[in-house]
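Heavy atoms only: backbone and side chains are in, while hydrogens, waters and symmetry mates are out. Treat the numbers as computed from the prediction; the structure is a model and nothing was measured.
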Amino acid sequence: MSRFKATTLVLFVTLLGGLSFAHAQNSMQAQSKVTDAELGKFAKAFQVVQMENQKAQEKMAKVITDNGMEVERFSTIQQAATNPNQDVDATDAEMKKHEAIMAEIKKIQPAIEAKMEKAVADSGISVERYQAIGTALQQDKNLQQRFQKIMMANTTGEQ
């Protein structure tokens, strides 16, 4: 099951760029200071985004299996198709299924992105700030520790 989750996570990351942290790299100055209040809002949004991410992965996995392909095989083809240095090792039938699946996923993608953007906005920070904090978290060990403390407090508070 963990291999399935890893595969769908790769699939999700490959397909959905709407809230990717790469966009935030253009606003490096925005990440200079992250207050505890902002980090708390980010943590709240992060938890909801994670839940939406899980739902999106399940929805995409269903689209894939409903179209007669295994998620792992689709993910392998998708990774190869998006890597210019890698040949796609798939039959014509698999490529046709892959194209049909991608068309369906692209149709549901805006709704998934909108739910995630709403989750972020509902937490009280902008999508841009969420992205900037996410980028800062990847690079700043001190900020990571602060984030972990907030997440631990949130988890402890919910139980």
Side-chain angles (χ1 to χ4, degrees), residues 1-67 69-79 81-82 98 101-159:
M1 191 64 166
S2 64
R3 186 175 178 157
F4 173 77
K5 285 183 180 180
T7 302
T8 54
L9 181 59
V10 167
L11 170 66
F12 182 76
V13 170
T14 301
L15 297 176
L16 292 180
L19 289 179
S20 75
F21 291 75
H23 290 98
Q25 292 175 349
N26 295 333
S27 60
M28 296 300 270
Q29 68 275 15
Q31 62 177 268
S32 58
K33 275 281 189 196
V34 179
T35 66
D36 286 343
E38 282 183 311
L39 201 54
K41 291 175 183 179
F42 176 88
K44 179 181 173 186
F46 181 80
Q47 290 173 317
V48 177
V49 167
Q50 292 293 76
M51 288 188 313
E52 289 299 327
N53 180 2
Q54 178 92 19
K55 291 176 191 174
Q57 288 177 35
E58 291 169 5
K59 192 177 286 189
M60 287 186 285
K62 183 169 177 12
V63 168
I64 293 166
T65 56
D66 285 355
N67 279 278
M69 189 175 270
E70 292 180 10
V71 172
E72 189 173 339
R73 180 64 182 146
F74 176 84
S75 183
T76 300
I77 294 169
Q78 179 63 19
Q79 285 175 339
T82 58
H98 176 267
I101 292 166
M102 284 302 298
E104 278 192 56
I105 288 174
K106 285 180 181 178
K107 286 179 192 172
I108 63 173
Q109 183 176 346
I112 292 168
E113 288 177 6
K115 282 183 181 180
M116 290 188 181
E117 288 174 5
K118 182 181 180 330
V120 171
D122 287 351
S123 72
I125 60 174
S126 69
V127 171
E128 293 77 18
R129 188 62 181 153
Y130 179 87
Q131 293 169 334
I133 294 170
T135 299
L137 272 167
Q138 292 175 338
Q139 301 166 355
D140 184 336
K141 297 280 186 209
N142 182 40
L143 189 58
Q144 290 171 12
Q145 291 173 347
R146 288 172 51 207
F147 176 67
Q148 288 173 349
K149 284 182 184 175
I150 290 171
M151 292 298 285
M152 293 285 277
N154 288 352
T155 302
T156 305
E158 290 175 5
Q159 292 179 351

Pick from Glu117, Met116, Glu113: which one makes a side-chain contact (heavy atoms from CB on, under 4.5 Å) with Val127? Glu117

Look up atom CD1 in Ile150 and atom NZ in Lys44, then write down how far apart they are to the nearest 0.5 Å. 13.5 Å

How long is the span from the CZ atom in Phe42 to the CZ atom in Arg146, to the nearest 0.5 Å? 12.0 Å

Rounded distance [0.5 Å steps], CD1 in Ile64 versus CD in Gln78: 8.5 Å

Decide side-chain contact (heavy atoms from CB on, under 4.5 Å) for Ile108 and Met60; before the verdict, give the C-alpha distance in whole Å, the side-chain angles of both, and the deciding distance to 0.1 Å. CA-CA 9 Å; Ile108 63 173; Met60 287 186 285; 4.2 Å; yes

Is the ring centre of Phe46 less than 6.0 Å from the ring centre of Phe147? yes

So that I can tick it off, tell me whether Lys107 and Glu104 are bridged by a salt bridge, with the cut-off set at under 4.0 angstrom between side-chain N and carboxylate O. no

Closest approach of Leu143 to Leu137 (non-hydrogen atoms, all atoms of both residues): O-CD2, 3.6 Å

Begin with the C-alpha distance, continue with both residues' side-chain angles, and end with the deciding distance and a verdict on side-chain contact (heavy atoms from CB on, under 4.5 Å) for Lys149 and Met152. CA-CA 5 Å; Lys149 284 182 184 175; Met152 293 285 277; 5.7 Å; no

Which atoms form the tightest heavy-atom contact between Ser123 and Ala45, and what is the distance? OG-CB, 3.3 Å

What's the separation between atom CD in Gln57 and atom CD1 in Ile112, rounded to the nearest 0.5 Å? 10.0 Å

Do Ile77 and Met69 come within less than 4.5 Å of each other through their side chains, counting heavy atoms only? yes

His98 to Ala81 - nearest heavy-atom pair and separation: CE1-CB, 4.4 Å

Could you go through the side-chain contact (heavy atoms from CB on, under 4.5 Å) check for Asp122 and Val48 one step at a time? CA-CA 10 Å; Asp122 287 351; Val48 177; over 6 Å; no

side-chain hydrogen bond (donor to acceptor under 3.5 Å, both in side chains) for Gln54 and Gln50? Distances and angles first, verdict last. CA-CA 6 Å; Gln54 178 92 19; Gln50 292 293 76; over 6 Å; no

Closest heavy-atom pair, Met102 versus Phe74, reported as atoms and distance to 0.1 Å, is SD-CZ, 3.5 Å

I need the Ile125 CD1 to Ile133 CD1 distance, nearest 0.5 Å. 4.5 Å

Side-chain contact, heavy-atom cut-off 4.5 Å: Gln47 with Met151? yes

Does a sphere of radius 6.0 Å around CD in Gln144 hold more than 12 heavy atoms from other residues, nucleotides or ligands, not counting ones at 6.0 Å or beyond? yes

For the backbone of Val63 and the side chain of Asn67, can you confirm whether one donor and one acceptor N or O come within less than 3.5 Å of each other? yes

Of all the heavy-atom pairs spanning Lys33 and Glu38, show the shortest one and how long it is. O-OE1, 3.6 Å

